[in-house]
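One structure is given here, and the rest of the page talks about it.
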Amino acid sequence: MSIACNLLFLLFLLIGLLFSVRVILFKTGLINAVNKWWRIIEEFFHVYQLFKVPEFNESMQENLLYRKVYVYLNSLASMEDSNYTNLVTGKKSNDIILRLDRNQIIDDDFLGARICWINDAGGDTRTFVLKIRKAEKRRILRPYLQYIHTVSDELEERNKELKLYMNTDSGDSRRSRRWTSVPFKHPATFDTMALESVLKNKVKADLESFVKAKQYYHRLGRVWKRSYLLYGPSGTGKSSFVAAMANFLGYDVYDIDLSKVREDSDLKMLLLQTTTKSVVMIEDLDRFLTEKSTTVSLSGILNFMDGLLNPCCAEERIMVVTMNNKEQIDPAILRPGRIDVHIHFPVCDFSAFKNLASSYLGLKDHKLFPQVEEVFNSNPSLSPAEIGELMIANRSSPSRALKTVINALQSDVGRRLSENLARKSTEECDDRSDIFCREGGQTMKELRKLVGLIRMKSCRNPHSFDLASSPQRKEG
């Protein structure tokens, strides 16, 4: 009996000693050193195999597996036990999340096998290095990679955050072929766009049909992409329309600034690095093609839109080109196959004005609407952006906002009438004698005075599109 008691006492003493050693190791930080030396000893008796997962492949396209591994590793609980883990804020200011650091080592377990990841951030490209025991490679490698795909897809769908990608020009030819990204938080939606409801419904139906048409495009032997041309004067909402498309589909946006593209080959590299489910946009293409300083050729633009590179890039892409005047563009750019859908963005009309009044002022109807419609019938040429700024400046008083818009529209009519009369006078002076020109000039002065009186009467209170100088007095 005494022998059993002694053995039990020794057992408890041994357990207490081991517990004390463990506490001491944790308290003093020696546990990390012990784990490090134990790993070295263990690795001495095993043969390991390394697999690299680079950020880009040989064609400089983004390696989708790299992104999936990145998402998966950042979700592991073992991140908290690693050295040099980064702490960053999440979508909300009070969210703190962990992110991989350069050359950080992460341990993982799968089907009873221990797996090690190394974040190799040195050199020109970033790479993940997968380290597994060679004896377990055939058993776990393929199922493990499939598991990473599944988990990362679920995490991305749960925490999806749209991004806006922009090409950079830092003077380095290699870096000028890369994208930099920021969170895409543009609030525009089709519901907030001041466009006809019929047009918005047609665009939404077209986008929904495109998303479901993968097999149809492949059966036709065509690249699964859709291209849009948005054309019209500045301030008519083309850029906001692109943002509404991205928000509707849940796609990232790639905004290509042609002024930062050095040559056609750089444009090709940028296209190759775009990802699936994205909107690729080139704004003001007509301006870039007419500028002699641009370094991108017309053939480079054509190859970008429908060249051999497109089948090599990620599918399910929307390509958008915006311009002010498509009549100045080479018809080769606008032919079917390169541009699928043409959408005209005109200056603001009364229908668009009512949408703006509903969005900016919360007005479905107002006693001043008939007067606004009457002025619109005089064919003013203000853009929705200009009218929207007037409404924002006077949003505290809807009636004052409408009066300010009426004055702006009337002034625009008077301005264009004066310009037309002046142009007619110039044309007549080119075709007739000096005596007639002098008489015509005198007549023109009288007409300008008349137009000026009309404008003064309709616009007694001067207005401006500058928010600081907009009228702020209260209505009587």
Side-chain angles (χ1 to χ4, degrees), residues 48-59 61-82 85-86 88 90-92 95-101 104-121 125-163 165 179 181 183-184 208 210-215 217-218 224 246-247 249-252 272-279 312-318:
Y48 287 87
Q49 188 165 352
L50 304 180
F51 297 90
K52 289 186 176 182
V53 183
E55 184 178 10
F56 300 103
N57 59 21
E58 298 83 358
S59 303
Q61 289 180 278
E62 183 185 15
N63 185 3
L64 296 181
L65 180 58
Y66 177 90
R67 188 174 64 179
K68 293 184 181 298
V69 171
Y70 179 83
V71 173
Y72 173 76
L73 293 181
N74 281 300
S75 68
L76 293 179
S78 57
M79 282 276 292
E80 299 180 3
D81 301 327
S82 301
T85 301
N86 297 316
V88 297
K91 295 181 180 180
K92 299 179 181 179
D95 288 344
I96 304 298
I97 56 180
L98 302 176
R99 283 291 179 262
L100 286 167
D101 191 55
Q104 185 173 349
I105 299 175
I106 301 294
D107 292 324
D108 192 18
D109 293 305
F110 183 76
L111 298 179
R114 201 183 75 180
I115 299 168
C116 178
W117 286 97
I118 303 172
N119 182 23
D120 185 3
T125 60
R126 295 175 293 183
T127 304
F128 286 120
V129 179
L130 171 61
K131 183 178 179 181
I132 60 177
R133 293 175 183 174
K134 198 168 185 178
E136 298 176 331
K137 180 188 68 173
R138 294 183 180 277
R139 181 175 68 91
I140 70 166
L141 181 59
R142 190 173 296 276
Y144 181 59
L145 294 179
Q146 292 175 349
Y147 174 74
I148 289 177
H149 269 269
T150 303
V151 173
S152 62
D153 288 343
E154 293 176 355
L155 292 171
E156 285 185 331
E157 188 66 27
R158 189 188 313 159
N159 304 316
K160 184 172 179 59
E161 182 181 47
L162 300 184
K163 291 185 178 181
Y165 292 86
W179 297 97
S181 65
F184 182 73
E208 289 175 341
F210 165 77
V211 171
K212 302 174 183 177
K214 179 179 181 179
Q215 299 301 327
Y217 274 77
H218 286 183
W224 189 22
N247 286 326
L249 295 171
Y251 285 6
D252 295 327
L272 285 171
Q273 295 173 30
T274 58
T275 61
T276 185
K277 295 187 177 181
S278 60
V279 177
C312 304
C313 302
E315 289 193 303
E316 194 176 354
R317 284 179 295 116
I318 300 293

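Just so it is clear, the values below take in all heavy atoms, side chains as well, and ignore hydrogens, waters and symmetry mates.
Of the possible polar contacts, one joining the D252 side chain to the K163 backbone as a donor-acceptor pair under 3.5 Å is found. Judged by distance alone, the side chain of R139 and the main-chain N or O of L111 form a donor-acceptor pair under 3.5 Å. Panel note: side chain W224, backbone F210; a donor-acceptor pair is recorded below 3.5 Å.
At least one side-chain heavy atom of R67 sits under 4.5 Å from a side-chain heavy atom of T275. Counting only heavy atoms from C-beta outward, the side chains of L249 and V211 approach each other to under 4.5 Å. Here the side chains of D108 and Y144 are in contact, with some heavy-atom distance below 4.5 Å. Side-chain contact between I140 and I115 is present, with heavy atoms from C-beta onward closer than 4.5 Å. Put simply, the side chain of I105 does not reach to within 4.5 Å of the side chain of W117, judged on heavy atoms. Two residues are said to be in side-chain contact when any heavy atoms from C-beta on lie closer than 4.5 Å; L145 and K68 fail this criterion. Counting heavy atoms from C-beta on, the side chains of L65 and H149 come closer than 4.5 Å. The shortest distance between side-chain heavy atoms of Q273 and Y165 does not fall below 4.5 Å.
Atoms CD1 and CG, on I106 and L76 in that order, are 7.0 Å from each other to the nearest 0.5 Å. Atom SG in C116 sits 9.0 Å away from atom CG in L50 (nearest 0.5 Å). Residue R114 holds its CZ atom at 10.0 Å from CD of E136, rounded to the nearest 0.5 Å. How far CG of L130 is from OH of Y48: 12.0 Å, rounded to the nearest 0.5 Å. Rounding to the nearest 0.5 Å gives a distance of 10.0 Å between OG of S152 and CG of L73. The distance from atom CZ of R317 to atom OG1 of T276, rounded to the nearest 0.5 Å, is 8.5 Å.
Side-chain contact, Y70 with E55: no donor N or O sits under 3.5 Å from an acceptor N or O.
Considering all non-hydrogen atoms of both residues, Y66 and V53 come closest at CD1-O, 3.3 Å. When all heavy atoms of N63 and P54 are compared, the pair lying nearest together is ND2-O, 2.9 Å. For K137 against F51, the heavy-atom pair with the smallest separation is CD-CZ, 3.5 Å. Closest approach of F184 to A246, counting heavy atoms only: CE2-CB, 4.0 Å. The shortest non-hydrogen separation linking K52 to T127 is CB-CG2, 3.8 Å.
The aromatic rings of Y147 and Y72 lie perpendicular to each other, with more than 60° between the two planes, well past the 30° mark.
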